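From a predicted model like this one, the values you see are computed outputs, not experimental measurements.
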Amino acid sequence: RAPNMSSPEVTQYLVRDGDHIIILLNDKKYMFVEVKKLSGEKNRKGRVDCGKDSFDVSLLEGMQYGRTYEVVKGKLVPFSLQAGTDIVIDEDDKKDNSELVDNNKSQTLTQEDILNLRKEGTAADVVKALIQNSATFANKTSFAQEKYIKKKQRKHHTTIKVIRPTACSVANAYYNKNPAKIHNLRGDALAHMLTLANIHVGGTVLVVETCVGVLLGAVTERLGGHGTVLSGYLAGGPSTSTQRLYNFTPAVYSSVSHFHLSSGVAAKDAPHEQKDALMQDQHASTTTTTTTSTEAQASPDPTTTTVTSTGAQDTKGKRKAGPASDGDDHPMVVTGMTKHVKDRVLSSEEAGAYLASGVDSIIVAAPRVSASSLMDHLMPCLRPSGTFVVFSPSPGPLVDLHEALHKAGSATNMQLAESWSRVYQVLPLRTHPMMSMDGASGFFLTGTKIVVPQQQQQASSSSSSSSSTSSS
């Protein structure tokens, strides 16, 4: 029986209207695309430029994730090797390439002939003609023939692969496009951090990152809405520019709360009665529509939102540079936030109540901030036996942090490791490591928080004082 194409079991594997997807163009270039139907003048902007060709973005609706399509005159058709280009790998192939000479004379077709073929036929016709008119193709080994065909296909075909945004695919796409934006954090290093931080369903995780939201999105995806994610930001606003790429449901978005780190940590020592009341109010707000503050409602700009301010405001609603005032809980206007982020920005008291109750894991990727100073403020928020992971592109800051935590005696099982990965080509009779590959993707320090009993601390301090007295 044919499957029902409108059933949820089928549509979850298909691109839907409004989805954000990742496109891999010709196995080289990554592109982030939002699938939406546009009309009129806006339709001109809703085209995906593929270099030699382009297509309307609405054509992606209904396409299957993980499948490769060819762009043919503005249309998308499933891509596959054409008949006549399949190569059978012969294990007993006695041919070799020692007699081949690369002198650009083996191809009998001229550039004008190839251009005419492209105008009259398809890219598959061009590849077939190149194979038939190559004087050396038949003398090549089967491995060389397959490599020759793939090279010509990449040159004359325009292919796209539709990729579902996940923690791994988003990280790898950003690493390919602009690795400096995410501090050279690869997908394998990100997976290692999530594992070491013990991110699990039902947990409470504190995330501090400056990786345009890649790490925050990965933690949110791992919890799947069954837990609490506290996103602490240092300046400007929450790092959420990539969170929209994950196509999270409103229930998943509601599990993420943003707060200014300095004001939240400072407010966690508020009276317990006030903290309990705030926690109850915040829990109730997750099940209903969150209302904005009166300052945001009075703002005529619908793109503005309110977050806790650590500085003054100018007349345009942008934050001025300036020190934070004691007890300053006036909202700051930040433009460009999505509605899901606007509704989940905590005040300093609300953030302090969350932090005072403790978190299960802390995961940090903010290389521009001193790791030792940052963790000195965050460790009191971590529950005993909680895990922490701190990422840095260089090992220096993590060495200093390791030494500070070791002297304080607040952590055990600490490990300073380097993320390293090697990509292998896995093909019949030619499995080997890739010759061109990246090196390290940064370093991370991980450990488990411990609490030394007060009596043991006093005994250790007295023993150290007595030993100093005897030595004198």
Side-chain angles (χ1 to χ4, degrees), residues 22-31 33 43-60 63-64 66-163 176-177 425 427-430 432 434-436:
I22 301 174
I23 289 178
L24 178 58
L25 177 62
N26 293 331
D27 292 330
K28 289 183 178 181
K29 182 181 178 182
Y30 285 91
M31 304 170 64
V33 177
N43 191 42
R44 298 179 181 178
K45 301 180 181 179
R47 297 192 67 83
V48 180
D49 185 10
C50 301
K52 298 177 183 178
D53 206 341
S54 64
F55 63 92
D56 187 61
V57 69
S58 62
L59 295 178
L60 291 167
M63 298 300 174
Q64 186 176 350
R67 190 163 186 179
T68 302
Y69 298 88
E70 182 180 2
V71 184
V72 181
K73 298 180 181 180
K75 304 295 183 180
L76 297 180
V77 296
F79 176 73
S80 61
L81 290 174
Q82 302 298 321
T85 60
D86 297 333
I87 300 299
V88 178
I89 302 301
D90 186 5
E91 298 184 12
D92 300 325
D93 193 354
K94 302 299 182 183
K95 294 183 294 186
D96 59 55
N97 301 324
S98 60
E99 301 297 329
L100 300 180
V101 179
D102 188 11
N103 54 10
N104 293 328
K105 296 180 180 179
S106 60
Q107 183 56 249
T108 59
L109 290 178
T110 64
Q111 183 67 22
E112 184 178 356
D113 296 334
I114 296 175
L115 291 177
N116 291 333
L117 281 172
R118 287 187 61 87
K119 291 179 181 179
E120 298 173 0
T122 64
D125 297 330
V126 176
V127 175
K128 287 182 183 179
L130 290 172
I131 294 173
Q132 293 171 358
N133 291 273
S134 175
T136 58
F137 183 81
N139 298 325
K140 295 176 181 286
T141 64
S142 55
F143 303 113
Q145 288 177 352
E146 186 180 44
K147 187 180 293 184
Y148 177 87
I149 293 174
K150 289 183 177 180
K151 179 181 178 181
K152 297 305 179 184
Q153 286 179 337
R154 284 195 297 267
K155 183 176 181 180
H156 297 284
H157 288 264
T158 301
T159 61
I160 63 167
K161 184 176 182 180
V162 182
I163 303 175
N176 180 273
K177 289 170 64 70
Q425 171 184 286
L427 291 172
L429 301 177
R430 54 202 189 280
H432 59 78
M434 300 298 289
M435 299 298 103
S436 177

What one should report as the nearest heavy-atom pair of Asp53 and Lys73 is OD2-N, 2.9 Å

Could you report the tightest heavy-atom contact between Leu59 and Lys75, atom names first, then the distance? CD1-CA, 4.4 Å

Ignoring hydrogens and geometry, is there a side-chain-to-backbone donor-acceptor pair from Tyr69 to Met63 under 3.5 Å? no

Would you compute the distance between atom SG of Cys50 and atom CG of Asn26 and round it to the nearest 0.5 angstrom? 8.0 Å

Going from CD1 on Ile23 to OH on Tyr30, what distance comes out if it is rounded to the nearest 0.5 angstrom? 12.5 Å

Ring pair (Phe, Tyr, Trp, His ring centres under 6.0 Å) involving Tyr148 - partner list, sequence neighbours excluded: Phe137

How close do Ile114 and Leu130 get, heavy atom to heavy atom, and via which atoms? CD1-CD2, 3.8 Å

Partners passing side-chain hydrogen bond (donor to acceptor under 3.5 Å, both in side chains) against Gln425 (at least two apart in sequence or in another chain): His432

Nearest heavy-atom neighbours spanning Lys161 and Gly66: CE-O, 3.7 Å

If you measure from the Lys or Arg side-chain nitrogens to the Asp or Glu carboxylate oxygens, is any gap between Glu146 and Lys140 under 4.0 Å? no

Would you say that more than 12 heavy atoms from the other residues, nucleotides or ligands in this model lie under 6.0 Å from the NZ of Lys152, or not? yes

Which value, rounded to the nearest 0.5 Å, describes the distance between Leu60 atom CG and Leu76 atom CG? 6.0 Å

To the nearest 0.5 angstrom, please state how far the NE2 atom of His157 sits from the CG atom of Asp27. 12.5 Å

Residues two or more places apart in sequence or in another chain: which of them pass side-chain hydrogen bond (donor to acceptor under 3.5 Å, both in side chains) with Asn116? none

For Gln64 and Val162, work out which heavy atoms get closest and say how close. O-CB, 3.9 Å

Taking Arg47's backbone N and O only, do any of them form a donor-acceptor pair with Asp56's side chain (distance below 3.5 Å, no angle check)? no

